[in-house]
Protein chains: 4
Amino acid sequence: MPATSPQPRRPRSGPRRDETARLAVLHAADDLLVEHGFGGLTVEAIAKRAGVAKQTIYRWWPSKVEILLDTLIEDSGKSLPVPTEKATAESIRGYLRGFARFLTRDPAGKVLLALIAQAQHDPDTAKSFHKRYLGPRRTQERDMLARAIEAGEISPELGPDATMDALVGPIVYRALTGASIPRGLVDTLVDGLLRPRAN
Amino acid sequence: MPATSPQPRRPRSGPRRDETARLAVLHAADDLLVEHGFGGLTVEAIAKRAGVAKQTIYRWWPSKVEILLDTLIEDSGKSLPVPTEKATAESIRGYLRGFARFLTRDPAGKVLLALIAQAQHDPDTAKSFHKRYLGPRRTQERDMLARAIEAGEISPELGPDATMDALVGPIVYRALTGASIPRGLVDTLVDGLLRPRAN
Amino acid sequence: MPATSPQPRRPRSGPRRDETARLAVLHAADDLLVEHGFGGLTVEAIAKRAGVAKQTIYRWWPSKVEILLDTLIEDSGKSLPVPTEKATAESIRGYLRGFARFLTRDPAGKVLLALIAQAQHDPDTAKSFHKRYLGPRRTQERDMLARAIEAGEISPELGPDATMDALVGPIVYRALTGASIPRGLVDTLVDGLLRPRAN
Amino acid sequence: MPATSPQPRRPRSGPRRDETARLAVLHAADDLLVEHGFGGLTVEAIAKRAGVAKQTIYRWWPSKVEILLDTLIEDSGKSLPVPTEKATAESIRGYLRGFARFLTRDPAGKVLLALIAQAQHDPDTAKSFHKRYLGPRRTQERDMLARAIEAGEISPELGPDATMDALVGPIVYRALTGASIPRGLVDTLVDGLLRPRAN
DNA sequence: AGTTAATCGAGACGGTACGTCGCGTCTTTGC
DNA sequence: GCAAAGACGCGACGTACCGTCTCGATTAACT
C-alpha cells in the first residue's frame, strides 16, 4: 500500500486560482453561446469578453467544450434536479416537463443542445460529455425509475436506459429541430410507455 | 391557363457542369466524414481527395453543409424511402426499423447525425436542413400516418408531427448518444404510441 | 528546291480574325490601364470590358503585356515619330519635348511607363519590350543622331546609345517618379550633352 | 526645451517583436527577389523561406512592398551613403559612380529597381516609396549639391531636383533597360551638367 | 522582511483552413 | 474555324483562430 497523493511535497506557494476570472470565463462563454451560437464561440472571444488572458483559459480548461460542460453541470444541477425523494409517475412527469422547459426556455438549455451537437463532431467531446454529464445524470434517473417501479407506480416494458431514452428522446429531438414541446407530448409519453397496459 | 416557361429558354452555350467532379466531391465528402468526422472535414481536404479545385466546390456549393445535404438527400432517398403504398402499423414499424438501421449502420446515417448537430451550431445550416431534408421527409411521413389512420390501423393521441417526433426522437437520441437501438424499442414505441388503448 | 511560304496551301477556311474584337481589346486594355492602373488590369476585366471571350484574347495575344505593346507601338508611332528628315539640334530638342509631353500627358505614355515597369518584374516582358519597342525606336534615334553629327549640328562625347540614354533618362526618370518635366530640363540636356564644348 | 515624451511610457508587457523573425523575413524577401524576380515574390514564399508564419509577416508589414522598402533603406544606407562632409565635384562624381555600381552590381540594387517599377503599378507603393526612400534621400542630395555650389565647385543651370534627376536619370534608365553603365557616362553627365560653361 | 513560485493580462508566434481572385486551358454551342 | 460563354485545375491572397510561448507585474505562502 504505497504512496498516497502523488505530489504531497510542496503545498504550493504563490497565488491560488482566481475565482473572479473563473466565473468571468464561465459567464462569458454562456453569454457568447446565446448571442452568437456555438459557431461564434471562440476562445479568443471568451477571453476578450471575460477580460482575461487566453492563457488563463488554457491553464484551467483543456478546451472550450469543458467550459460549457462546467456551466452546464452547475446550471442544470440547480434548474433541473433529478427527483430523489418521492418517486411517482407524477414526479417523473414533472421531471420531464421541467426538462422540456429547460431545453426550450433556459439559456443553459442551449448549452446542452450545443454539447450534444459538438459530441457528434468530436470524439473527445463525446467522451467527456458522457463521463461528466450524461452518465451521472443517467445514474440518478435510473434510481428514480427503480424507486417508482418498486412502488408499483410504473411498469415499463423496456429496461431503464431504453425507457429513459424513449421519454427524453422526443423532447430532445424536438428541441434539436427547433420545435416547441406541446403540452400533450409528455403526458402521452408517460402514459404510453410507463403505465402497464391493461390486458 | 398555365404560365409559359419563366426561363427565357436560352439553354446556355459553353461547358456544362462537370458531373464527374460533382460525384467526386460528394463521395469525397462522404468518405472524409466517415473517416475523420465532421471536425476533420474541411473544404480543402474534400477538394484534394476529390481531385478538384477548391473553387469548383465553391462554385456549386455555398458551404460544406450543402455538400453533405446533397449526399444525404440522394442516399436516404435510396436507402430509406418513406412507404407510400400500404400503410399499416406494420409498415410503420418497418420504416422505423429501417431508420434505426440507417442511423447506426449506414455511413449516410453519420451524415444525418452530423447535420442535426451542425444545425445547432449554425442557423443557416438549420434553415437549409429543414427546408431541404426534414421538411420534405416529414411531409411524406405525415401522409403515411394519415393513410394508416384512415385505414383504422392506428389511432395516435397526438397530432402527426408530435407523433412522428415521439417515434423518431428516441431512435435519433440513442444514435446521438452513441447507443445502439435495442430490438424492443421500436416495438414498444409503436405499441405504446400508435395503438389505441384498450379501455 | 526553294521552299515556298510555309502553308500556302489552304488560304484558310472559316472566318478570319475579327478586327472589331481586336480593336475592342486594345481600347479596353488602354482604358483600364488609365482607369485602374496596371494592378487592376486583368485579362478577365479586359475581356468583359471589350465584350469578348477570354479565349479570344488568348488566341491572339500571349499575355496582356503584348496587348499593351500593340497599343503602344500603334500610338507612339502616331504621336511621337522619330524625325527622319531634317536633323538639327533643334529637331532633336523638339523630339525630346514631344517625348516629355507624351510621357506626362498622353494616356499612351502611361502604357510606356507600365511596360518599363513590368519589364523589371518579368523577363519575358523585358525581352519582348526590347525587341518590339525599344530596339526599333533606338535604331531610328541612332539614325537621327548620326545625321545630326554628320551635319555638324552636334558633337556628343559619348556613343549614340549612351547619348540617347543620357537625354531620355532624366525625362523617363521624372515621369517614373511622378514629377513634371520642367521647361529648362530639355534645353539644359541638349546644351550640356550634345553641343561641343568650347575649348 | 525638449518636449517630454509624448508616449504614456507604458513599455508594454508580453513578448516583444521577434528580431530573428524580422531579419529572416527581410533576408528571405531579398533572396527571393534576386532568385525569382518580383513576379515570383509571394508572401507565402517569403514566409516559407523565412521559416515564419504568414500572419507574422502581415502583423508587421502591410504588404511585401514594405518589406522590400525596409531592406532597401537598411542596405542603401550602408552601401551608398550620401556624402555629408566634403562636397566637391569629385565627391559627387564618386557618389554617382557608387550609385551606378549599386544599381548594377549590388543585390539591393534590384530591390530599388523593383520598387521603382512597382510604384508605377500601385499608387500605395508610389506613396510609400517616395515618403520613405526617395524623399529622405533627395533631401540629403540637395544638401550635397548646395554645399558644392556654395564652395564654388559647381554651378548647375537647373534647380537642385532637376539637376539630381538629370544626373541620376540616365543611370537609372540604363539599369532599367538592362544596359551597363559605361565609364564615360558619369563623367560626361557631371562635366556637362554641373560645370559652369566657359564663355 | 525577503524569497520563491505560481498567478495574471497581454499578445507574438508557427500553423491550418477559410473563402476569393485571377490565371491560362479546355469544352460546348452557335454562326 | 472563329467567337461568346464559362467551367475547370491551380496557386496566392489576406483573415480568423488555434494552442503554445514569453514577457513583466502581482500576490500569497514559506522561509
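All chains are named by letter (A, B, ...) in the order of the sequence lines, taking the proteins before the strands, and each is independently numbered beginning at 1.
Considering CD of A:Gln118 and CG of A:Asp124, their distance stands at 10.5 Å, rounded to 0.5 Å. Between the OG1 atom of D:Thr71 and the CG atom of D:Leu69 there is a distance of 8.0 Å, given to the nearest 0.5 Å.
The side-chain hydrogen bond (donor to acceptor under 3.5 Å, both in side chains) check on D:Lys54 picks up D:Glu44, with sequence neighbours excluded. Listed by chain and residue number, C:Ser128, C:Arg132 satisfy the side-chain hydrogen bond (donor to acceptor under 3.5 Å, both in side chains) test with C:Glu66 (two or more places apart in sequence, or in another chain).
The stretch residues 51-58 of chain D touches DNA chain E through D:Gly51, D:Val52, D:Ala53, D:Gln55, D:Thr56, each having a heavy atom within less than 4.0 Å of the strand. The stretch residues 39-49 of chain B comes close to DNA chain E through B:Thr42, B:Val43, B:Glu44, each having a heavy atom under 4.0 Å from the strand. For DNA chain E, none of the residues of residues 24-38 of chain D falls under the heavy-atom distance limit of 4.0 Å.
Across the protein-nucleic acid pair, C:Asp122 atom CG and E:dG24 atom P stand 10 Å apart, rounded to whole Å. Counting to the nearest Å, the C1' atom of E:dA5 and the CZ atom of A:Arg17 are 18 Å from each other. Distance A:Glu66 CD to F:dG19 C1': 15 Å, rounded to the nearest Å. Here the C1' atom of nucleotide F:dG19 and the CH2 atom of A:Trp61 are 16 Å apart, to the nearest Å. Rounded to an integer number of Å, the gap from A:Glu19 CD to E:dT7 C1' is 14 Å. D:Arg16 has its CZ atom 11 Å from the C1' atom of E:dA12, to the nearest Å.
At F:dC8, one or more side-chain N or O atoms of B:Arg59 fall inside 4.0 Å of OP1 or OP2 (strictly under the cut-off).
When all heavy atoms are compared, the tightest approach of C:Leu33 to C:Leu41 is N-CD1, 4.0 Å. Of all non-hydrogen atoms in D:Ala21 and D:Val52, the two that sit nearest each other are CB-CG2, 3.9 Å.
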For the pair A:Leu176 and B:Gln120, evaluate side chain to side chain contact (heavy atoms under 4.5 Å, CB included) and give the outcome as yes or no after the intermediate values.
CA-CA 7 Å; A:Leu176 286 170; B:Gln120 307 308 307; 3.3 Å; yes

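Residue contacts shown for B:Trp60 are limited to sugar-phosphate atoms, with no base heavy atom under 4.0 Å away.
Between D:Ala21 and C:Lys64, the residue anchored closer to the 5' end of DNA chain E is D:Ala21, taking for each the nucleotide with the nearest heavy atom.
The closest side-chain heavy-atom distance from B:Tyr133 to B:Leu115 is not below 4.5 Å. Considering only heavy atoms from C-beta on, A:Asp75 comes within 4.5 Å of A:Asp30 through its side chain.
Salt bridge B:Glu35/B:Lys110: absent, no basic N to carboxylate O contact under 4.0 Å.
Among pairs with a residue in residues 30-71 of chain A, those fulfilling ring-ring contact (aromatic ring centres under 6.0 Å, His included) read A:Phe38-B:His121, at least two apart in sequence or across chains.
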